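No experiment lies behind these values; they were computed from the predicted model shown. Throughout, residue positions are numbered sequentially from 1 according to the sequence presented.
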Amino acid sequence: MKYIIAVIKPHKLEEVREALGGIGVQGITVTEVKGHGRQRGHTEFYRGAEYTVSFVPKLKLEIAVDSALADRAVETIQASAQTGQIGDGKIFLLPLEQATRIRTGETGPGAL
Ligand SMILES: Nc1ncnc2c1ncn2[C@@H]1O[C@H](COP(=O)(O)OP(=O)(O)O)[C@@H](O)[C@H]1O
Ligand SMILES: [Mg+2]
């Protein structure tokens, strides 16, 4: 299994969620975060407003997937979250040791 952490522009959430659903991703956790990338201290646009502050609002997506689906999920996020403007975000791919569905006690990919 793999664990995907993606930081995206907030207005791209619905597009990303639908695209991931289309390739069979089952679950997703979304958290409101703030961050910056390489353009630290530079301006960035968010909902029509120009941010000159150090941190810009983003959404962090966390997605556990079967290893067989991981590369496709990363490509799907990349394509659906892209605007081509600065601040489009990043995708990180990590190994995932175990997953447990609390309700049933299932473990491994079957728990996802
Ligand atoms: N190296 C990093 N580690 C952790 N989070 C990052 C990193 N780079 C970017 N991010 C997150 O992704 C968001 C968008 O980054 P982005 O501006 O698209 O990156 P860059 O300017 O490096 O192309 C940032 O606000 C931050 O939350
Ligand atoms: Mg940036």
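- For Gln98, the CD atom sits in a packed shell: over 12 heavy atoms of surrounding residues, nucleotides or ligands are nearer than 6.0 Å.
- No donor-acceptor pair under 3.5 Å is formed between the side chain of Glu32 and the backbone N or O of Pro57.
- The side-chain heavy atoms of Leu112 and Met1, taken from C-beta on, include a pair separated by under 4.5 Å.
- Taken from OG in Ser80 to CD in Glu18, the straight-line distance is 10.0 Å, to the nearest 0.5 Å.
- Inter-residue side-chain proximity for Glu62 and Thr31 is flagged as met; some heavy-atom pair is nearer than 4.5 Å.
- Surrounding CZ of Arg72 are at most 12 heavy atoms belonging to other residues, nucleotides or ligands under 6.0 Å away.
- Within the 4.5 Å cutoff, the side chain of Leu61 has heavy atoms near those of the Ile8 side chain.
- For the residue pair Ile4 and Ala73, the shortest heavy atom distance occurs at CD1-CB, 3.6 Å.
- Under the 4.0 Å criterion applied to side-chain N and carboxylate O atoms, Lys12 and Glu15 are assigned as salt-bridge partners.
- When side chains are defined from C-beta on, Thr83 counts as touching His11, because their heavy atoms get closer than 4.5 Å.
- Of the possible polar contacts, one joining the Lys58 side chain to the Gly87 backbone as a donor-acceptor pair under 3.5 Å is found.
- Connection of Phe92 to Val30 is not established within any shared hydrophobic cluster, with ILVMFWY side chains joined at heavy-atom distances below 4.5 Å, either directly or through further cluster members.
- For the pair Val56 and His36, the minimum side-chain heavy-atom distance is 4.5 Å or more.
- Residues Asp71 and Leu93 are in side-chain contact: their nearest non-hydrogen atoms beyond the backbone lie under 4.5 Å apart.
- Contact annotation: the side chain of Ile28 approaches that of Leu20 to within less than 4.5 Å [non-hydrogen atoms, C-beta and beyond].
- Cluster annotation: Leu59 and Ile77 are assigned to the same hydrophobic cluster (Ile/Leu/Val/Met/Phe/Trp/Tyr, side-chain heavy-atom contacts under 4.5 Å, transitive).
- Between Asp88 and Gly84, the shortest heavy-atom distance links the atoms OD2-N, 2.8 Å.
- Annotation for Ala99 and Ala111: closest pair O-CB, 3.8 Å, computed over non-hydrogen atoms.
- Linking Ile, Leu, Val, Met, Phe, Trp and Tyr residues whenever their side-chain heavy atoms come within less than 4.5 Å leaves Ile91 and Ile5 in two separate clusters.
- Contact check for Val25 versus Ile63: side-chain heavy atoms found under the 4.5 Å cut-off.
- How far NZ of Lys9 is from CD of Gln82: 10.0 Å, rounded to the nearest 0.5 Å.
- With rounding to the nearest 0.5 Å, the separation of OH in Tyr3 from CG in Leu96 is 8.0 Å.
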